[in-house]
Asks: 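Dropping the structure in here first, questions after.
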Amino acid sequence: MDTYDPKTIETKWQRVWEDARAFYVDDPPPGAEPDDKFYQLEMLPYPSGNLHMGHVLNYTLGDVVTHFQRRHGKHVLRPMGWDSFGLPAENAAINEGGHPREIVERNIDNIERQMHRLGWAIDWDRVIAAHDPAYYRWTQWLFLRFLEHELAYRKEAAVNWCPHDQTVLANEQVVNGHCDRCGTAVEVRKLEQWFFRITAYADALLRDHALIDWPERTKTIQRNWIGRSEGAELLFRIDELDVDVPVFTTRPDTVFGATFFVLAPEHPLVDTMVERSPNGAELGEYVSKAMLRRVEERASAEDKTGVFTGFVATNPATDEPIPVWVADYVLMEYGTGAIMAVPGHDERDRAFAEGFELPVVPVLDEEAGTLVDSAQFSGMAVEEAKQAIVEWLGSRGRGRSAVSFRLRDWGFSRQRYWGCPIPVVYCENCGIVPVPDDQLPVLLPEVDDYRPKGKPPLASNEEWLNVPCPSCGGPGKREAETMDTFVDSAWYFLRYCDPHNDREPFSRRLVDFWGPVDQYIGGIDHATGHLLYSRFFVKVLNEQGMVGFREPFQRLFHQGWVRQGGTKMSKSKGNVTAPDELADMYGADAVRLYILFVGPADQDMDWTEEGIEGIGRFLRRLWRIVHEAADGPGGSDGDAGPLVRKAHETIAKVTDDIGRRFVFNTPIAAVMELVNELGRDPSAPGARFAAETAVSLIQPYAPHIAEELWSTLGHERLWEAPWPVADQTQLARETFELVLQVNGRVRDRVEASVGESEAELVERAKASPKVQVHLDGKEIRQTIVVPGKLVNLVV
RNA sequence: GCCGGGGUGGCGAAAUUGGUCAUACGCGCCUGACUUAAAAUCAGGUGUCCCUCCGGGGACGUAAGGGUUCGAGUCCCUUCCCCGGCACCA
């Protein structure tokens, strides 16, 4: 027996798998039924720097599922690609000093090497990269379809601007008022931007949660983010300006208590008011100050601020004039940017009314939940009144039921170089003109200076910028902004199904065979970003007949964060080791096992190398014990005995854990138990079967050593061997340990046979001397028998 | 404030439908074997407290308190703490 040398066998088997094209799949496999397929996907990595332990967890999880499903006879599509456009990659390039393309491609080579080193079962024929023209050609093509359907549009909007990264950020990229990437405080700027009309799908995105098997947590986050509120849109007339101003309210029942009216500083009417109001100067000053304050600052301000506009609006319920104010506690981003203020029943309005001595009129009896001082609606219950008042106002042309969302349209243009060019041309005569499909891709030109400086770097590239208008042939300018990288990743999982197609982004036949993704694995940090965008894209593509499903990811699992906390470890052991260095020290199998063994995969952890030695010990023990079992007299499946039974129990446990419970740490413990038992006597009856079982079950985690030991045991190609099946007759027991309790406390345990009747079991309990001590001659008031488990005597 | 998830040995964690002295598996630690020695390896031990004739016996113990139940880590109530989402959203 050779000693266990991970490096040698890992290199050896990786070559064998590659030569056998073990993990590549045809499209679709000949004779495959749709039910035979399994699409396993993990979120694709940004190719910046090195893999870290978080990646190792993510992709090893996917790998275990891949092997498990393959060995259950599924045709498993398990691809890999690179999210190589966008800020993370570009920032990495800026930091490392070089052209993004070179940096990104170097990083891709490195990461790909690390992935091979860890032995992940990937179909490398299907690799895609966001920055590859063969890919982004189709990102552009899809954008044009969105544009055709008016689901992509351009408008001026107040946007989040990161002064450090010199670019616009999507709401999803702003965390607590700071740039998600660099942490700089975000400013608000008014700019023309490209948007995807995701708000048109707000309801569908909520409704279709019912179709997918996702963690409740994630659905809740999306639900909160979409923020659906039911209410009404009511019209308040400002006579002097001859306008009806709509407000959104969830409390139309309180309209009789609306004693003033508030506009957001950004509200379009405010400009007119500044011009025409007697205190226009003060108003103008307030507005420009408010616009400079970040939303976060506005919210944290202790006192509410505002200025009276000098105008009055008519309350549509009371027909009374109420003063119109401008105040920054009203946000332009939500509802209509105007509110009816009901200080009697809204905390914020109350605070404002108190600050500025505005009238407070209660219109609800809070105790009774009924309306007061509300004309014919007085005495009505709140819910009833909501409907009745909206109907009544509706009949007067002053209101209607409405739904409002917190979700905003997705601003996806970026003033940066390293992204997918937006394929439109601006023409003085024709306006925004799409680049014709047959002229795609619009290639990202090579430039020397790609650093951001407030305007898109491509805007300085005259040679590239100036092109004839595709429509009239007159002078035109290309769009110099590029797409957010989340556009690239909103459809990549579809391209994997048909990665080499050069006539269309993917064929309907192939996406409908492979799609949707059966199991998606990735971080929960993408809950309101990538996961929402991808759902939106698939809904649009479904409506346009390009895919046959409405949801991209049928099942979703979030791995926990691997943190590198400030524990003693990092101090005493110096820097945290990179995954491939760790693989060189202990072997890829040990790294893979360890990251899944330390705890539940969906739970956050502080990374520590303490304990990986234990996995190393386990693998060496496995190696030695399997060799001993292989050399010994052995014994096969047919032999009964404790070892064979233990093997079948382990099969049942591991299969249930991975397949049904989707837990990955306890199967390793179960195999360790089996190996411990086998190690007590590797020549016991059934030892060979136990060894084969242990090797077979550990294969998804540690495929290299498993493959090597499988051949030691005289077999071939474990990667395509059927997953073992627990033999129910082996699991069945003739006897069991009967637990004897007195008053719910265990007092004794005896061997009992499964055939015994309840009365017989009770007799055995009464016969036990240990039980008798606790019965102490007392009267038995109750007897509980759980068949196959226990007898409880209550005295 | 609203919504969601948690709290188990020295440590990472098991306990799946309320039913096997709760703590599997691993780490760490302790003892022993091998060794000149150490490492590695192997064998054994390791919740707390009390009693012991050394065979063992008993009580307590899953954030705190209460409840349901023959029986609760698991179900219910109250409180505390931690993590995450939303939050001047009308």
Side-chain angles (χ1 to χ4, degrees), chain A residues 215-229 231 247-251 254 258 262 264 295 298-301 304 327-331 333-342 345-349 351-352 404-407 524-525 527-528 561 567 593-594 597-600 602-606 608-618 620-621 624 653 656-657 660-661 663 665-676 679-680 736-749 770 773 780-795:
Chain A
E216 210 41 56
R217 204 166 40 132
T218 316
K219 290 186 186 175
T220 303
I221 292 171
Q222 291 200 339
R223 220 176 286 126
N224 288 343
W225 185 261
I226 294 168
R228 184 182 200 273
S229 312
V247 301
F248 175 76
T249 178
T250 54
R251 298 300 305 274
T254 63
V262 190
V295 174
R298 285 197 193 183
S300 62
K304 300 212 178 318
D328 67 4
Y329 82 94
V330 173
L331 309 172
E333 303 91 79
Y334 187 75
T336 62
I339 62 157
M340 63 175 206
V342 183
H345 304 287
D346 182 282
E347 259 182 60
R348 300 151 297 173
D349 297 343
F352 192 81
S404 185
F405 293 95
R406 209 197 72 100
L407 183 70
I524 196 168
D525 48 322
T528 59
W561 291 107
T567 52
L593 272 169
Y594 180 61
F597 181 66
V598 280
D602 56 355
Q603 187 176 299
D604 295 353
M605 63 163 132
D606 268 314
T608 160
E609 281 160 41
E610 240 170 282
I612 195 169
E613 286 289 354
I615 292 292
R617 266 196 281 275
F618 165 67
R620 286 190 294 274
R621 270 165 54 75
R624 177 175 59 81
K653 163 82 177 158
D656 188 52
D657 278 358
R660 182 181 65 85
R661 298 178 67 209
V663 296
N665 52 335
T666 48
I668 301 172
V671 174
M672 284 174 169
E673 274 189 66
L674 175 61
V675 173
N676 287 346
R680 279 180 207 116
F736 65 96
E737 195 179 30
L738 178 69
V739 173
L740 305 179
Q741 297 181 333
V742 177
N743 288 345
R745 305 190 67 104
V746 178
R747 295 304 175 186
D748 198 6
R749 31 189 84 220
K770 288 185 185 169
V773 169
I780 297 173
R781 291 198 349 243
Q782 198 181 348
T783 308
I784 288 114
V785 180
V786 181
K789 283 185 178 159
L790 57 82
V791 173
N792 186 15
L793 303 176
V794 184
V795 298

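All heavy atoms count here, side chains included; hydrogens, waters and symmetry mates do not. Just so you know, these numbers come straight off a predicted model, no measurement behind them. Order of the sequence lines sets the chain letters (A, B, ...), proteins ahead of strands, with each chain counted from 1.
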Asks: Any idea which of C88(B), A90(B), C86(B) is nearest the Tyr329(A) side chain?
Replies: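 Within the option list, the nearest is C88(B).
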Asks: Select one nucleotide: of C86(B), C88(B), U16(B), the one nearest the side-chain heavy atoms of Leu331(A).
Replies: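 Of the candidates, C88(B) comes closest.
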Asks: What residues, two or more places apart in sequence or in another chain, satisfy ring-ring contact (aromatic ring centres under 6.0 Å, His included) together with Tyr334(A)?
Replies: none
Asks: Rounded to the nearest Å, what distance is computed from the CD atom of residue Gln222(A) to the C1' atom of nucleotide G85(B)?
Replies: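 Rounded to the whole Å, the gap is 12 Å.
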Asks: Residues two or more places apart in sequence or in another chain: which of them pass side-chain hydrogen bond (donor to acceptor under 3.5 Å, both in side chains) with Arg680(A)?
Replies: none
Asks: With distance as the sole test, does Asp349(A) use its side chain to make a donor-acceptor pair with the main-chain N or O of Val342(A) at under 3.5 Å?
Replies: yes
Asks: For Arg617(A), which residues count as a side-chain hydrogen bond (donor to acceptor under 3.5 Å, both in side chains) partner, sequence neighbours excluded?
Replies: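 Here no residue qualifies.
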Asks: With sequence neighbours left out, write down each residue that passes side-chain contact (heavy atoms from CB on, under 4.5 Å) with Ile221(A), or none if nothing qualifies.
Replies: Ile524(A), Ala527(A), Thr528(A)
Asks: Can you find a side-chain donor-acceptor pair between Arg621(A) and Asn676(A) that sits under 3.5 Å?
Replies: yes
Asks: Pick the C1' atom in G45(B) and in A39(B), then give their distance to the nearest Å.
Replies: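 Comparing C1' positions in G45(B) and A39(B) gives a spacing of 22 Å.
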Asks: Please state the C1' separation for the pair U8(B) and U48(B) - nearest whole angstrom.
Replies: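 About 15 Å, rounded to a whole number of Å.
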Asks: Write down the distance separating the P atoms in C30(B) and G85(B), rounded off to the nearest Å.
Replies: 42 Å
Asks: How would you summarise protein contacts on nucleotides 19-30 of chain B per nucleotide, using B for base, S for sugar-phosphate only and - for none, with heavy-atom distances below 4.0 Å?
Replies: BBB--BBSSS--
Asks: Expressed as a whole number of angstroms, how long is the span from Trp225(A):CH2 to C86(B):C1'?
Replies: 9 Å
Asks: Measuring only the C1' atom in each nucleotide, how far is G73(B) from A22(B)? A whole number of Å is fine.
Replies: 8 Å
Asks: When the distance from CZ of Arg228(A) to C1' of A87(B) is rounded to whole Å, what number comes out?
Replies: 20 Å
Asks: Between U41(B), U16(B), C70(B), which nucleotide has the shortest distance from any of its atoms to the side chain of Gln782(A)?
Replies: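 Of the options given, the side chain of Gln782(A) lies nearest C70(B).
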Asks: Considering only side-chain heavy atoms of Asn665(A), which listed nucleotide, A13(B), U41(B), C89(B), is closest?
Replies: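 Nucleotide nearest to Asn665(A)'s side chain: A13(B).
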Asks: Could you tell me the separation between the CG atom of Leu740(A) and the P atom of G71(B), rounded to a whole number of Å?
Replies: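 Computing the Leu740(A):CG to G71(B):P distance gives 18 Å.
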Asks: Taking atom C1' of C82(B) as reference, at what distance in whole Å does atom CD of Gln603(A) sit?
Replies: 13 Å
Asks: Can you identify which nucleotide, out of U16(B), C89(B), G12(B), has its nearest atom closest to the Asp656(A) side chain?
Replies: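 Given the options U16(B), C89(B), G12(B), the side chain of Asp656(A) is closest to U16(B).
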Asks: Rounded to whole angstrom, note down the P distance from A38(B) over to C29(B).
Replies: 15 Å
Asks: What is the distance from CD1 of Ile524(A) to P of C83(B), rounded to the nearest Å?
Replies: 16 Å
Asks: When rounded to the nearest Å, what value does the distance between P atoms of U62(B) and U23(B) take?
Replies: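 So the two P atoms sit 14 Å from each other.
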Asks: C70(B), U16(B), C89(B): which one has an atom nearest the side-chain heavy atoms of Val794(A)?
Replies: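 So the side chain of Val794(A) is nearest to C70(B).
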Asks: Any chance you could encode RNA chain B as dot-bracket? Rule is Watson-Crick or G-U wobble with both distances under 3.5 Å; [ ] for pairs crossing earlier ones, | for another strand.
Replies: (((((((..(((......[.....)))((((((.......))))))(((((....)))))..(((((..]....))))))))))))....
Asks: Among residues at least two apart in sequence or on other chains, which ones pass ring-ring contact (aromatic ring centres under 6.0 Å, His included) with Tyr594(A)?
Replies: Trp607(A)
Asks: Starting at CH2 of Trp561(A) and ending at P of G85(B), how long is that distance when rounded to a whole Å?
Replies: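 In whole Å, G85(B) P and Trp561(A) CH2 are 10 Å from each other.
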Asks: Syn or anti for G26(B), given that syn means the glycosidic angle lies within 90° of 0?
Replies: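 Here G26(B) takes the anti form, which means its glycosidic angle is more than 90° from 0.
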Asks: Tell me whether the OP1 or OP2 atom of C2(B) has a side-chain N or O from Asn224(A) closer than 4.0 Å.
Replies: no
Asks: With a 4.0 Å cut-off on heavy atoms, is Lys219(A) in touch with a base, just the backbone sugar-phosphate, or nothing at all?
Replies: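 The residue Lys219(A) makes no contact with any strand.
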Asks: Quick one: list whatever passes salt bridge (Lys or Arg N to Asp or Glu O under 4.0 Å) with Glu216(A), sequence neighbours left out.
Replies: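 By the salt bridge (Lys or Arg N to Asp or Glu O under 4.0 Å) rule, Glu216(A) matches Arg223(A).
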Asks: Answer with base, sugar-phosphate or nothing: what part of the nucleic acid does Val330(A) contact at a heavy-atom distance below 4.0 Å?
Replies: base
Asks: With sequence neighbours left out, write down each residue that passes side-chain contact (heavy atoms from CB on, under 4.5 Å) with Arg251(A), or none if nothing qualifies.
Replies: Thr249(A), Asp253(A), Thr254(A), Leu364(A), Val382(A), Lys386(A)
Asks: Residues two or more places apart in sequence or in another chain: which of them pass salt bridge (Lys or Arg N to Asp or Glu O under 4.0 Å) with Asp657(A)?
Replies: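 For Asp657(A), the residues satisfying salt bridge (Lys or Arg N to Asp or Glu O under 4.0 Å) (neighbours in sequence not counted) are Lys653(A), Arg661(A).
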Asks: Could you work out the separation of A15(B) and C53(B) based on their P atoms and round it to a whole Å?
Replies: 41 Å
Asks: Write down the distance separating the C1' atoms in G65(B) and C80(B), rounded off to the nearest Å.
Replies: 11 Å
Asks: Look at the side chain of Pro600(A) and decide which nucleotide, out of A13(B), U16(B), A90(B), has an atom nearest to it.
Replies: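 For Pro600(A), the side-chain atoms sit closest to A13(B).
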Asks: Tell me whether G9(B) sits syn or anti, counting syn as a glycosidic angle within 90° of 0.
Replies: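 Chi for G9(B) falls in the syn range.
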Asks: Output the rounded distance in Å from CG (Asp606(A)) to P (G12(B)).
Replies: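 In whole Å, G12(B) P and Asp606(A) CG are 10 Å from each other.
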Asks: Any donor and acceptor pair, going by atom type alone, linking the side chain of Asp604(A) with main-chain N or O of Trp561(A) inside 3.5 Å?
Replies: yes
Asks: Is there a donor-acceptor pair closer than 3.5 Å between any side-chain N or O of Arg406(A) and the backbone N or O of Trp225(A)?
Replies: yes
Asks: Give a yes/no verdict on a cation-pi contact between Lys304(A) and Phe352(A), requiring under 6.0 Å between NZ or CZ and the six-membered ring centre and an angle within 45° of the axis.
Replies: no
Asks: Quick one: which protein N/O atoms are closer than 3.5 Å to N/O atoms of nucleotides 4-6 of chain B? Pair and distance per line, please.
Replies:
none

Asks: Tell me which of Arg660(A) and Thr249(A) sits closer to the 5' end of RNA chain B, going by the nucleotide each one is nearest to.
Replies: Arg660(A)
Asks: Listed by chain and number, what are the salt bridge (Lys or Arg N to Asp or Glu O under 4.0 Å) partners of Asp525(A), not counting sequence neighbours?
Replies: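 With neighbours one apart ignored, the set is empty.
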